[in-house]
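Everything below concerns the one structure shown next.
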Amino acid sequence: MEATIDFPEEDIEFLEEAQCRDRLRRVIEQLTLIEASANTGRILREGAMLVICGRPNVGKSSLLNALLKANRAIVTPIPGTTRDTIEELVNVRGLPLRLVDTAGLTATDDPIEREGVTRSRAAIQQADLLLIVFDRSAPFSQADRELLAEIRALRNGAAIPALLVLNKDDLGSQINTAEVTTAWGPAPVIAVSAVQGTGLETLETLISEQLLGGQVSISDGALVTNVRHQQALQRAIAACRAGLSSLERRTTIECLAVELREACEHLGGILGLNVSEDLLDRIFKQFCIGK
Ligand code: GDP
């Protein structure tokens with residue numbers, strides 16, 4: 001394209017429009033796939049934040065301890081955590097997780113408790129995945145519904161990846177799956193007993209599936225682990241999309257070239273290439289211009 005624009009007298013044949021569109025679509029697809037790996041990259045680099053929430057006494061701390069015990073290989077308490085939210089690092093199925101056990105969500109007069117509530121709310125807002133715990137040995141109640149509404153309000157209605165955990169399964173089952181999913185919305189439901197250790201393996205599988213679900217797997221070649229690279233990819237994708245729409249609107253080849261050049265420059269920023277120089281080199285090589 002650049003060659004056609006820069007050297008009109010050379011009579012260079014431009015790509016067929018349909019071919020150009022197909023190529024551009026393929027590029028967008030591939031860039032999008034790579035960009036999607038950024039979240040996996042971030043999780044592997046920083047650890048995913050897994051926040052355990054639920055009403056008092058449903059077994060949140062017990063669940064945290066059970067997950068720690070099952071994964072005692074890498075357990076490091078994070079300094080600076082307070083008595084109100086407890087945070088531990090743990091490795092589940094190769095994924096580094098920051099497990100956060102929250103205190104209550106309801107404000108009280110006690111200043112220490114209030115701090116706990118603030119921290120719990122912040123943790124829920126930042127979570128990559130929520131484990132919402134219920135005591136399965138008691139009926140699903142209005143208080144459970146209110147808690148779910150409160151959690152949802154904290155995330156401003158944004159889609160929240162969550163696992164609904166029915167704990168104390170060993171004490172009998174008074175809550176069924178439909179009740180919790182009706183109140184919360186679609187999400188995986190899992191019965192466990194934090195005390196007896198049942199259901200934990202399945203819970204771990206669900207945790208890793210939720211965190212990596214649908215994304216480029218760890219073993220795939222490209223993995224974006226750098227925020228700057230992720231942004232460059234997003235900008236390159238946007239520029240390619242703009243190019244595609246220029247093409248569809250049948251604007252001039254110059255307009256299209258501007259978008260594509262911008263995309264190249266963003267990618268060049270990742271690779272450390274000077275795109276303009278590279279482009280001219282290629283034009284000269286490929287089209288034998290200037291002889
Ligand atoms: P939290 O307030 O939500 O952190 O709840 P805790 O983890 O402190 O647990 C509250 C009580 O429930 C404790 O007495 C636990 O031993 C008990 N508990 C927690 N999980 C289970 C479970 O799976 N089965 C049974 N039988 N008791 C449990």
May I ask you to decide whether [X] forms a salt bridge with [Y], counting only side-chain N to carboxylate O separations under 4.0 Å?
| X | Y | value |
| --- | --- | --- |
| D101 | K60 | no |
| R98 | E46 | no |
| R250 | E17 | yes |

Distance from L164 atom CG to T177 atom OG1, nearest 0.5 Å?
-> 9.0 Å
About how many Å separate CZ of R23 and SG of C240, when rounded to the nearest 0.5 Å?
->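 Answer rounded to 0.5 Å: 13.0 Å.
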Which residue, Q231, Q230, H229, forms the side-chain contact (heavy atoms from CB on, under 4.5 Å) with I270?
-> H229
Single hit among L129, L99, L130, I151 for side-chain contact (heavy atoms from CB on, under 4.5 Å) with V51 |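 Option passing the side-chain contact (heavy atoms from CB on, under 4.5 Å) with V51: L130.
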Any P188 side-chain heavy atom under 4.5 Å of Q210 side chain |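 Yes. Closest side-chain heavy atoms under 4.5 Å.
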Where the side chain of [X] meets the backbone of [Y], is there a donor-acceptor pair that is under 3.5 Å apart?
| X | Y | answer |
| --- | --- | --- |
| T102 | I52 | yes |
| N167 | A194 | yes |
| R155 | A127 | yes |
| D144 | S141 | yes |

Which pair of non-hydrogen atoms, one from L211 and one from I43, has the smallest distance, and what is that distance?
-> O-CD1, 3.8 Å
D128 versus A48, closest heavy-atom pair with distance =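 That closest heavy-atom pairing would be OD2-CA, 3.4 Å.
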Name all pairs fulfilling the ring pair (Phe, Tyr, Trp, His ring centres under 6.0 Å) condition that reach into residues 132-151, sequence neighbours left out, sorted by first residue then second.
-> F134-F140
Non-neighbouring partners of L260 that pass side-chain contact (heavy atoms from CB on, under 4.5 Å), sequence neighbours left out | M1, L24, L256
